[in-house]
Amino acid sequence: GDVRIMWYSDGVEGEVMKDLVGRFMKENPGINVILDNVAYSVIKEQLPVQLEAGNGPDIARVTAIKDLSKHWLDLRPLVKDAKYWDDNFGLQADWMRPDGSKQISGFMTQITLTGGYANKTLFDQAGVSIPGPKATWEDWAAASKKVQESQQVPFAMAIDRSGHRITAPLLSYGANYIGEGGKPAPLDKGAKDYLTKFVGWAGDGTVSKDVWVSAAGSTYRAAADDFINGQLVFYYSGSWQVANLATKIGNNFDWVAVGSPCGPAACTGMPGGAALVAVKYTKNPKDVGVVMDWFAQEKIVKEFSERTLFLPGHKGVVDKGGLDFKSDNAQAKTALNVFVESTKTTSEAALKLPGWRWSDTVYAAIVTRIGQTLAGELKIDDAFVRIDADIAQKVKDAGQ
Amino acid sequence: MGEIKLTDVKKSFGAVTVLKDINLHIEDGEFVVFVGPSGCGKSTLLRTIAGLEKITGGEIAIDGKRVNDVTAADRGLAMVFQSYALYPHMSVRQNLAFGLENSNMPKAEITERINEAARMLEIEAYMDRRPGQLSGGQRQRVAIGRAIVRRPTAFLLDEPLSNLDAELRVSTRAELAALHVRLGSTMIYVTHDQVEAMTLAHRIVVMRAGTIEQVGTPLELYNKPANRFVAGFIGAPHMNFLKADVVAVSAGVVTLAFAGGYRGELQIGQAKLHVGEKVTVGVRPQHLIVSDDPQHPTVKIYLVEALGSETVVHGDLGGEKVLAVLPGQQRLNAGDTVRFDLSKPVLHVFDDNGLRLFTHPGQEG
Amino acid sequence: MGEIKLTDVKKSFGAVTVLKDINLHIEDGEFVVFVGPSGCGKSTLLRTIAGLEKITGGEIAIDGKRVNDVTAADRGLAMVFQSYALYPHMSVRQNLAFGLENSNMPKAEITERINEAARMLEIEAYMDRRPGQLSGGQRQRVAIGRAIVRRPTAFLLDEPLSNLDAELRVSTRAELAALHVRLGSTMIYVTHDQVEAMTLAHRIVVMRAGTIEQVGTPLELYNKPANRFVAGFIGAPHMNFLKADVVAVSAGVVTLAFAGGYRGELQIGQAKLHVGEKVTVGVRPQHLIVSDDPQHPTVKIYLVEALGSETVVHGDLGGEKVLAVLPGQQRLNAGDTVRFDLSKPVLHVFDDNGLRLFTHPGQEG
Amino acid sequence: MTTPSLSAILMAPVNAVMRMIDVPLRRLQKATGIGGMAAFFLAPNMLIFGVFVLLPLVINFVYSMTGGTAFFLSERDFIGGQQYSRLFQCQNYLDPMSCQEDAFWTAVGNTFWFVLLQVSLMILTALITALILNRELAARSFWRAVFFFPVLLSPVVVGLIWKWILQRQGLLNFGLYQFGLDPYTWLTDRNWTFAATIGVSLWAHMGFYALIILAGLQAIPKDLYEAAEMDGTKPARVFWRITLPLLAPNLLVVVVLALIKSVQVFDEIYVLTGGGPGTSTLFLTQYIYETGFASALRNPGLAAAASILMGGVLVVLTLIQLGIGKRGENKGKR
Amino acid sequence: MGKVARFILRRKGGQGWHWTDIVTWFWLVGGLIIMFGPAIWLVFSSLKTPAALAEFPPSILPYVTQQVTVEGHDKPLMLYNAKMPDGSTRVLAEVRRIGLVAQMVDPKAPAEIVRVNINDRTPVRTMSFATENYTQPFVHFDFLRYLWNSVFVTVVATLITLVVNSMAAFALSKYEFKGRSIAMLVILATLMVPLSVIMVPLYSIISTLGLFNSLWGVILPTVATPTGVFILRQYMLTIPDELIDAARMDKASEWQIYWRIVLPLTAPALAVLAIFSVVWRWNDFLWPLIVLSRRELYTLQVGLSIYSGELNVQWHFILAMTVVTMIPVVLVFIFLQRFITTGIAGTGLK
Ligand SMILES: Nc1ncnc2c1ncn2[C@@H]1O[C@H](COP(=O)(O)OP(=O)(O)OP(=O)(O)O)[C@@H](O)[C@H]1O
Ligand SMILES: Nc1ncnc2c1ncn2[C@@H]1O[C@H](COP(=O)(O)OP(=O)(O)OP(=O)(O)O)[C@@H](O)[C@H]1O
Ligand SMILES: [Mg+2]
Ligand SMILES: [Mg+2]
């Protein structure tokens, strides 16, 4: 019968997917897969409503995988080889199933990892050497500041306006969000340390605050454009930017991915990604199982990753290595491989967060209040108080 | 078919009372003309009959059926609005056709009726123009046309000829009269034109300030006005009114002393008058005849209007304004003094309240 | 101050030519009346003088200055619109005050002028109403008031009295005449009313289909119409026209044979006529006198209209329609036959093209 | 000459249908009278309206009395006025930061100033534009299109265009740079950003209101202008004394709509500033949107309560305007 | 020419520049720059590559670096103006860049490698239109299907809106009945709440009625716009009641009055509403997004939205498609605005 996949795209993955779907249907004539491309906002805002109403597609590519986990279909009885799934997707399986269950909801179409990019040309021109793999955030701040001053670019560093992004350095500074009973803990010293530093850097112009003050609330904003235009020395974002940077920078300057700088506690990035999950309300679970199985095949995952320039979420693919990303931009390939490598240094704490139900709440509170602080509306200490209060309120609202 | 009966009809706009207890019975097929001073309520009365204004009291019955709550569309009348109210977005032809289309008349008949009306009103040349592209008189003719193509049981015409030239007015008037005869429909007609009122009406209704002053045939009103108001209103130029004192009363004859010293004897008929009473004597300007008799009162002329076929003389008779209409073109000038013979004309005598007491028949009857 | 000169003025609306080469010189302080059949271009001419319509040819000069490109606001005239064009959102008082406030007149004077106009037009009772709450005649009076309070150098009045009752019409007419004398402003006045035209005008301009047929004083037009059209247009009811053949011409006298066999001898004056020529003879209805003389032509009456002060008789004379206005109330009925004396009245003789050849003075001159 | 006949051909079937509809309607009219017809004319609109607009609104009200994160009423618990009292919980009503929902009060304050400035400027510019477009211009439809053009753009595109113009590396700064002036970070300066939100929303919607006014201007009978001209009226006075009062009914639409839309301003501002810098352009609708949908743990009840409050204020403001407008309305009647 | 100029520069009155003429031209020219300028820039931007879109300083026109094929190199090379140490400039093609030094060749003499500091070279740029922004989406998505859905939604919704709203406006402006002000008030009150707020309740209603994933689910909730009723009603208030009286005397039924008298006289306001309705429905995005989750039902705007991802928005496609989808509405506007001409309502009356 019909299997509908609700899909959003950041880049070419829609095209790739369309192609793959075509292939699938050729191989499985009985199943008609319809790919409904939608805006990300549909996934984020409409899909939850549809799901609550018991509507929705059969399969969806989603990011709020934990939040909505009660709507996902357990594929365990439907897939051909549950062990294959557990082996290869087990690491992230927890991110997408209700706490405490063993269900197989789907798999990650893409793993993302936060990380930094440096404008190599600027470094070269300034005659400053790029800090090494173990360099700390302070090292990076100092180095990029030097470059900035010598090259007269507006900013040294920028971090995307995103709680997820900023959580990486926080974790490196030893922050722990998860408190007793899985509830959010108040901001700890590690978190406060880095945030204080961050606000300080913004104050002295090391960090661009443009992107942070350019919105209210928890709105996501990327600082990529500044980096693309060579206005920025060091840019902390994530693996998904590689394709974007490759096309837009071209050979205007050289850039490199440098992984995540270190803090006192770790040198971790934050993982994340989007999952392809099956929806409980499908009329067609058998076919859904077939489709999921097909897309979860190692070779398909590999091909998909190579063509979309995504990091694969498939243990087999990662461990075997030898991913041949389909890009004619050498810098992009190098960068991707840097990210693939750094998945291995991701800290325990970082790996837990995507599967933690309150992580978005914490992210939102941090972004909202730190944004206000950078805009001069709050003092940093008030911001900490507010962040804790905001989180507490949300927990209360959720009736827990 | 077109009998209209108004019983105690009242109408106010907020605090303004416009119609006060109007009682009127219009027979089927009758031609009734409403006259009255500007603002006396003629149009309002017409609109209440049409069903366009809800009356605030009383009853309107058409053909014996109470229609207070029947909508205008269902009363089956046709109206020429004082303001024309042409449909600005339709051509003249469409304006005329609209009413007919509403009653699902066959196309051919519509065309025929429209053409007939257009011919009659001489608007054939403008059939495809919009009202905005017509002259005032042309618009008015379209408004008339829109009513007459309908051939309703009763027509309501609100000053339908006011913007037409004399020639057209005469011919249209004649056409309306002919139409009335042909269709046998009731016609209610508002006009300020004496000639129209006199020539068209079976009965004239004289209104004043929301009330009916008198109803009667044209000559009845002309010859036997119920009161001073009607006497003054019917006939153009209006009747002259002279104040007089009763100085002697004998069998059938009364002697009146006018301002300026002139005394006249009038045949009193059945009426009763007492010496010392004050009356008003009305005499029509057309009845005044210039006289050389030194007994007749002198009038000092202050304005002469030559109309070609007649001459209107404005004068002063013992402090009162008098108008005289003299035939032909007279060689009189402002400043001249003439005498008018007051013994020959028909004289209407009104009491203090304006009610007509009697009419002195005059010498030429 | 108010001299207006039109030279070869032309106006068309798209393909429709409304004014054709109008030449007219209006003196300062003159009272000119435009008459003509409905749709002949009177309003348009007024509007071009006002500056509301751009002319398509020719020149308009006010006080010797070409004003073709001067806006209406800067020409300094005042106008009474045929459609009133009252400001619907303003009270009567505000409507009147509006033009005065434009010229920054002191409040006190504005009030005074408004009150004066209101008194004169008898609209004092409605000063705070909106036009929508007024009767047709009341609106028209406000429209007149709006013009007269302005006291401009020239007034343009487009049928200003058409919706007033006889009484009010006479009084307003008189007020306008007085105003004209008092202010000395030029007045251009459009009317369909013969009496207004005859009594108010210094000069009457007779228009037909966008051209001027004749300009002259009222009595000039009445007594010496340039052509058949003017003769027919001036005077109400219109002049009777009878076809006749010239059967004999002798020194100063011509013998005409009318339809129906009657022959008459007319004093020809200087004019030249030939035997066999066809002419039209015009005679005013008021001039026809009933006669018993069997020589006089017989007229078969088909309609009698009693107006009270006079009686209009419609008859048929040898196949041609004749109207006669007889004084007083006559005892005539449709179907009767009477004879009219054609030897006594003034007779106008027109040639084939309608031009007047000569006027037979008649016996009463 | 061909156009009317063409339209006549096009209209013929429509007219035929209308005539067919007329037959039963005449019967209905006979049966119910004119008052019944009023109901008939109102019915379709009211039906659709009731189901798709009014009913959700009522449900929304119920929402505001419930708590939890679930979307559907059936799964939400009734908590009475708690959401409202939460919105109103402040230590000091003059300082939004002292309130529990500080973002709400910040948004209220921002919205207030925004509305005040934007609405007055909107009416002014729309009126001027309409007056100018109402003149006899050459290429009139082109000019109309010029001013109406931004209305055709989706809010997202509007926000984007202006972001590209105003951002640090935007067109405006590039222009300044070309003229040798220093670039400026317009969108991180609170005052400039606030002004920009007003400017951009004016830019985006002015054509909408100008068009309504334009239609209203066309409805004013020409003869009144002629009369005014004969009265020697100066253009400015014609405007104040003739145009404006006679425009009143249509102007009322513009004022009411401008006010309502201005309070509800969202999309283009969201793209342009996201509410920043800081919270200086955070407006009510964004607050509601984020609280109800976008934030990590949505709170539809709180969002509903805030929207009900906003609607309440708007109703009051509209009533006041209608009250004022009623007088104008009567004035405009012929 | 003189005639044209005179026509274009036609002024009030005729002679001299009235201050209103000056304001008019000031406003028009200003409007052209401010209102239309960004639009033109939008069109040019839609023809830029993603890289050019992100570029600073931005260019008005779409430029790309010129490329040449040079003997001995498979791929085309970028052309630069290079400043030579002696101060002269040469047009060179860049072979590769190593750090701060670019290795360049003269396309005419490809053998010799010239080393140039990267700061001493500026790209040679030519205008080039990235038409793939337009062609690609046509290939990707089912453009005709989306177009059809959009047209269907727009046309049907606009027609229903016009009919239903004008009927209501007629009742609310030309009849006196009990509850008239209440009805008006309720209609206005619902204007007050933005769609995003009532989205969830509305969604449940749509689901209940089985209109989910149906174009009618997109159409119906929008057709009873309070805005439309309000605009039409206020306009109808200016139509003289006397015309309706006249029609009643002409035995017109109320329906005929509505259809034959009131509607034609409301033409300018109807045109305004039609324009708005078309624009709104055509650009509608949020609501169709909720109701339509199936590709075959997408409208253009929904189809277009797929270029907005979580982390990345493909603006070049969005801009190009915006330009394409705008063309029909611009045409509709040009067509309909002609009906906003001098009102005729007044002229039928004395
Ligand atoms: N906009 C227009 N387009 C075409 N023809 C027009 C237009 N306006 C007026 N006309 C025509 O011009 C002629 C003159 O019109 P005008 O209003 O001047 O007549 P008028 O002499 O005032 O007539 P009336 O006595 O009926 O008011 C009429 O035949 C009329 O139909
Ligand atoms: N809406 C209204 N509100 C208040 N008064 C009104 C309204 N409409 C009419 N009137 C008044 O009612 C009276 C009668 O008006 P109507 O129109 O019936 O007069 P009319 O006899 O037709 O006068 P005319 O001969 O001037 O047309 C007038 O005095 C008028 O001022
Ligand atoms: Mg009247
Ligand atoms: Mg006229």
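Naming: A, B, ... by sequence-line order, numbering from 1 per chain. Computed from a predicted model, the values in this text were never measured in an experiment.
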I want to check a possible cation-pi pair here: Arg145(E) against Tyr298(E), using under 6.0 Å from ring centre and within 45° of the ring axis as the test.
no

Which bit of Glu52(A) comes within less than 4.5 Å of chain E, counting heavy atoms only: side chain, backbone, both or neither?
neither

Tell me, out of Asp225(A), Ile43(A), Asn55(A), who's got the most heavy-atom pairs with chain E below 4.5 Å.
Asn55(A)

Sort out for me which residue in Asp124(A), Thr121(A), Leu122(A) forms a side-chain contact (heavy atoms from CB on, under 4.5 Å) with Phe253(A).
Thr121(A)

Could you check if a side-chain atom of Pro221(E) sits within less than 4.5 angstrom of a side-chain atom of Leu202(E), using non-hydrogen atoms only?
yes

Leu35(A) portion near chain E, given a 4.5 angstrom heavy-atom threshold
both

Distance-only polar pair, side chains of Ser41(A) and Tyr8(A), donor-acceptor under 3.5 Å
no

Should the pair Tyr117(A) and Phe227(A) be assigned to parallel (<30°), tilted (30 to 60°) or perpendicular (>60°) ring geometry?
tilted

Are there over 12 heavy-atom neighbours, none belonging to Lys146(A), within less than 6.0 Å of that residue's NZ?
no

Which bit of Ala53(A) is near chain E, if near means a heavy-atom gap under 4.5 Å: side chain, backbone, both or neither?
side chain

Pairs of heavy atoms under 4.5 Å with chain E: top-ranked of Lys248(A), Lys18(A), Arg4(A)
Arg4(A)

Residue, of Thr63(A), Asp160(A), Ile249(A), Asp10(A), that accumulates the most heavy atom pairs under 4.5 Å with chain E
Asp10(A)

Is the shortest side-chain heavy-atom distance between Trp282(E) and Leu300(E) below 4.5 Å?
yes

Most chain A-contacting option - heavy-atom pairs closer than 4.5 Å, from Leu304(E), Leu289(E), Val313(E), Leu292(E):
Leu289(E)

Name the member of Gly238(A), Gly11(A), Ala39(A) that forms the most heavy-atom pairs with chain E at distances under 4.5 Å.
Ala39(A)

Region of Phe123(A) in contact with chain E, defined by heavy-atom distances below 4.5 Å
neither

